[in-house]
Amino acid sequence: MIDTHVHFWKYDKVKDAWITDDMKMLQKDFLPHDLFPVLKENNIEGVIAVQADQSENENNFLIALAETNPFIKGIVGWVDFQNKNIENRLLYYSKFSIVKGFRHIVQAEPAGFLKNKNFLEGIGLLRKYNFTYDILVYENQLQEVIQFVKKFPGQKCMIDHCAKPNVKLKSVDAWKKAIEEIAGFDNVYCKLSGLTTEADWTSWKEEDFYPYFDCVTKAFGTARLVFGSDWPVVNISGGYLIWKNLVENYMRNFSAEDNEKVFKKNAIEFYNLSEIGGHNE
């Protein structure tokens with residue numbers, strides 16, 4: 001199995017101000033040695049480390065971790081897509097085979113961000129260097145995402161955390177309509193990840209997630225879904241094993257072949273993991 005969404009950080013209250021006091025258990029370091037026993041317990045053979053901080057220092061931090069922790073199979077980093085030197089930065093990171101793609105924390109940006117001309121020009125360069133793009137948004141930004149993915153038909157894009165539907169309020173309809181439209185673009189994939197933190201952290205039930213699972217499995221098909229844990233953030237609303245079991249329980253209704261796609265094959269294909277474990281060349 002491949003886990004397509006984990007984070008690492010050395011906790012800093014300024015840099016990591018997004019970790020508010022209601023997430024106090026996350027206000028500490030989370031490093032590969034903390035995750036390794038969890039992966040072993042859950043039979044996970046590799047992970048994609050995803051940026052949590054919007055700086056190139058984050059890329060350096062993750063690249064260094066990957067060099068000494070071979071279970072990190074790929075990195076989704078961060079670059080300033082709006083900077084005029086963006087192509088130089090992409091060229092630089094293309095020399096590191098461990099760097100698979102990039103992400104921007106669009107969920108924290110004002111409305112209209114995904115229409116920003118400079119940002120779009122930067123995104124337009126990703127394909128040239130065979131980089132992927134992870135889309136991190138809330139469900140109220142999905143109309144912008146539709147217009148965004150329309151502009152980049154050949155660019156591999158991944159919807160993180162099913163676009164964070166409001167599971168707590170059990171809102172499905174508007175989210176579902178937008179997700180179905182986005183899934184119509186065959187270059188867009190979706191992560192089965194991060195949903196327990198969109199539910200009531202202490203009182204969610206397994207069936208709360210089924211309308212969302214039903215929608216994305218039908219819309220994207222098992223060929224464009226991947227499993228992700230969102231560790232360590234998942235710890236605030238159940239933990240690694242509980243989330244993995246929940247996804248596995250749902251996937252029991254699917255064939256062994258479909259399960260292999262969602263838990264491994266699609267991740268390898270999307271994040272170009274054929275050269276698994278590659279470091280800088």
Can [Y] be reached from [X] by stepping across I, L, V, M, F, W or Y side chains whose heavy atoms are under 4.5 Å apart?
{"X": "M25", "Y": "M23", "result": "yes"}
{"X": "L192", "Y": "L136", "result": "no"}
{"X": "F61", "Y": "I105", "result": "no"}
{"X": "V233", "Y": "W78", "result": "no"}
{"X": "L246", "Y": "L241", "result": "no"}

Sub-4.5 Å side-chain heavy-atom contact between [X] and [Y]:
{"X": "F254", "Y": "V262", "value": "no"}
{"X": "I123", "Y": "Y133", "value": "yes"}
{"X": "K264", "Y": "E45", "value": "yes"}
{"X": "E144", "Y": "V137", "value": "no"}
{"X": "D53", "Y": "D12", "value": "no"}

Answer yes or no: is there an ion pair linking [X] with [Y], defined by an N-O contact shorter than 4.0 Å?
{"X": "K265", "Y": "E269", "answer": "no"}
{"X": "E121", "Y": "K117", "answer": "yes"}
{"X": "K176", "Y": "D173", "answer": "no"}

Would you check, one step at a time, whether the test side chain to side chain contact (heavy atoms under 4.5 Å, CB included) holds for L126 with F152? CA-CA 10 Å; L126 286 172; F152 304 105; over 6 Å; no
Candidates Y240, F30, W9 - the one meeting ring-ring contact (aromatic ring centres under 6.0 Å, His included) with W231: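 In the set Y240, F30, W9, the residue that makes a ring-ring contact (aromatic ring centres under 6.0 Å, His included) with W231 is F30.
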ring-ring contact (aromatic ring centres under 6.0 Å, His included), paired with Y250, selected from F209, F263, F227, F213: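 Among F209, F263, F227, F213, the one meeting ring-ring contact (aromatic ring centres under 6.0 Å, His included) with Y250 is F213.
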Does a side chain donor of either [X] or [Y] reach within less than 3.5 Å of an acceptor in the other side chain?
{"X": "D134", "Y": "Y271", "result": "yes"}
{"X": "N59", "Y": "Y93", "result": "yes"}
{"X": "Q27", "Y": "D16", "result": "no"}
{"X": "D3", "Y": "S229", "result": "yes"}
{"X": "H104", "Y": "D80", "result": "no"}
{"X": "Y138", "Y": "N166", "result": "no"}

Might you point out which heavy atoms bring N69 and L65 nearest each other, and give the distance in Å?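 Residues N69 and L65, closest heavy atoms: ND2-O, 2.8 Å.
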Considering all heavy atoms of both residues, which atom of W175 and which atom of A163 are nearest to each other, and what is their separation?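 Shortest heavy-atom separation between W175 and A163 comes out as NE1-CB, 4.2 Å.
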Yes or no on side chain to side chain contact (heavy atoms under 4.5 Å, CB included) for E198 and E139, after CA distance, side-chain angles and deciding distance? CA-CA 11 Å; E198 301 310 308; E139 67 166 281; over 6 Å; no
Between Y189 and F220, does the ring centre distance come in under 6.0 Å?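 No.
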When rounded to the nearest 0.5 angstrom, what distance separates [atom1] in [X] from [atom2] in [Y]?
{"X": "E260", "Y": "M1", "atom1": "CD", "atom2": "CE", "value": "10.5 Å"}
{"X": "K205", "Y": "Y210", "atom1": "NZ", "atom2": "OH", "value": "13.5 Å"}
{"X": "I236", "Y": "T202", "atom1": "CD1", "atom2": "OG1", "value": "11.0 Å"}

Heavy atoms of other groups near F36 CZ, more than 12 under 6.0 Å: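 No, because the 6.0 Å sphere around CZ of F36 holds 12 heavy atoms or fewer from other groups.
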Should we count CD of E257 as having more than 12 external heavy atoms under 6.0 Å?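 Open: at most 12 neighbouring heavy atoms sit under 6.0 Å from CD of E257.
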Tell me, please, whether F270 has K156 positioned over its six-membered ring: NZ or CZ under 6.0 Å from the ring centre and within 45 degrees of its axis?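 Because its charged atom sits under 6.0 Å from the ring centre and within 45° of the axis, K156 does stack over F270.
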